[in-house]
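Okay, structure first, notes after.
Heavy-atom basis, side chains included; hydrogens, waters and symmetry copies ignored. Throughout, protein chains are lettered first and strands after them, A, B, ... in sequence-line order, and every chain is numbered starting at 1. All figures in this text were calculated on a predicted structure; none of them were measured in a lab.
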There are 2 protein chains.
Amino acid sequence: MTLAPARRDLQAALQDRGYRLTGPRKRVAEAVGRKQEDGFTAESLCAEVQDTGRATVYRTLKLLLEAGVVCKLPMPDGAPRYMLAQLEHHHHTVCVRCGAVGEFRDTTVERVVRSMGKEITGEIVGHRMEFYIICTSCKAARKA
Amino acid sequence: MTLAPARRDLQAALQDRGYRLTGPRKRVAEAVGRKQEDGFTAESLCAEVQDTGRATVYRTLKLLLEAGVVCKLPMPDGAPRYMLAQLEHHHHTVCVRCGAVGEFRDTTVERVVRSMGKEITGEIVGHRMEFYIICTSCKAARKA
DNA sequence: GAAAATATGAGACACAATATCAGTAAGTCC
DNA sequence: GGACTTACTGATATTGTGTCTCATATTTTC
């Protein structure tokens, strides 16, 4: 629940993969590390990280994505959202109103994946599962 | 396994929702109806449907999407693919190489959804599950 | 500290998709 | 059928996400 580990992990993830830990990359990693709760859009990250070009923000985001420490979620009819990956392998809940993202892990999902493996022709190289929700705060706001 | 029902359903789906069944819409619906096996991109559809503006193709595609007779699949790092919906509620397999799309339905998935409902805070309004695969023909091609 | 490798950023570009809006076609009423 | 209303179309512009280019700057290595 502390902020430090996630931030350190982000920077470590870049170094572990042989990338240089430069000033701009540190700034991007730190900004991402700060987003513990919610998902964020790439553009909002660009706006937040000062003194860093858009291209570099996108490039660094891509590196973090490849390193598996950040996830990208397609939204139904909207801009994709990014979020810090806290669990090794997991799935997401996304609020369709405010974009808040949650993470969950359920062994039942993995069981489905294994059982589907027998039915599906071809080699499974990945899977994704998302729950679209209306979060409790948006639900409360809707009533008012 | 016949083509006719799906085509008729597409046009009926538009009329049932109170939209006019115009020439351009018929052409789009027919082109979509022809894509029984594979998914397709919006742009490929634009190229295929003659004498019809891009905007209209996109608009009609959106109407079909809302009517639930066509599905939109986000691809990992690529243009989203569309496909004819043949099953009431279902999930997809997508070949990450050629983009071929398959449909499957598995009650285990729905069981996961129900069990997750208890753990997730907020109201579940939808969910999606995709398997990314390398289809048998792409796998065969890779060996050569 | 010089050379090589790598990273940066401004801006151009690519692509999917939507918005605008004048013009056109379809349904509706008499 | 003609006038009217509503819905639809399409050329074009615009938005939004993301990538490419390339000259410049920064690191690393020797």
Measure the distance from [atom1] on [X] to [atom2] on [N] and round it to the nearest whole Å.
X	N	atom1	atom2	result
B:Leu21	C:dG27	CG	P	9 Å
B:Met75	C:dC15	CE	C1'	16 Å
A:Leu61	D:dT19	CG	C1'	13 Å
A:Leu64	C:dA7	CG	P	13 Å
A:Leu14	D:dT28	CG	P	13 Å
B:Leu63	C:dA17	CG	P	15 Å
B:Arg17	D:dC8	CZ	P	13 Å
B:Arg81	C:dA16	CZ	P	12 Å

Review point. Is any side-chain N or O of A:Arg54 under 3.5 Å from a base N or O of D:dG18, one able to act as donor and the other as acceptor?
Key: yes

Report yes if at least one side-chain N or O of [X] is closer than 4.0 Å to OP1 or OP2 of [N]; otherwise report no.
X	N	answer
A:Arg20	D:dT26	no
B:Thr56	D:dG10	yes
B:Lys72	C:dA17	yes
B:Tyr19	C:dG27	no
A:Tyr58	D:dG18	yes

Hey, does [X] reach any base, or is it just sugar-phosphate, or nothing, if we go heavy atoms under 4.0 Å?
X	result
A:Thr52	sugar-phosphate
A:Arg59	base
A:Ala55	base

Practice item. Please tell me which of the listed nucleotides, D:dT9, C:dA17, C:dA7, lies nearest to the side chain of B:Arg25? Key: D:dT9

Review point. Distance only, no hydrogens: is a donor on one side chain within 3.5 Å (strictly under) of an acceptor on the other, for A:Tyr58 and A:Glu43?
Key: yes

Practice item. Using distance alone, with no hydrogens and no angle criterion, decide if A:His90 and A:Glu103 have a side-chain donor and acceptor under 3.5 Å apart. Key: yes

Check your understanding: Are B:His127 and B:His91 near enough that their ring centres are under 6.0 Å apart?
Key -> yes

Exercise for review: Verify side chain to side chain contact (heavy atoms under 4.5 Å, CB included) between A:Glu66 and A:Leu63, making sure each step is shown before the conclusion.
Suggested key: CA-CA 5 Å; A:Glu66 280 163 12; A:Leu63 296 180; 4.2 Å; yes

Exercise for review: Begin from the C-alpha positions of B:Met75 and B:Val94 and carry the test side chain to side chain contact (heavy atoms under 4.5 Å, CB included) through to its verdict.
Suggested key: CA-CA 8 Å; B:Met75 292 287 287; B:Val94 196; 3.0 Å; yes

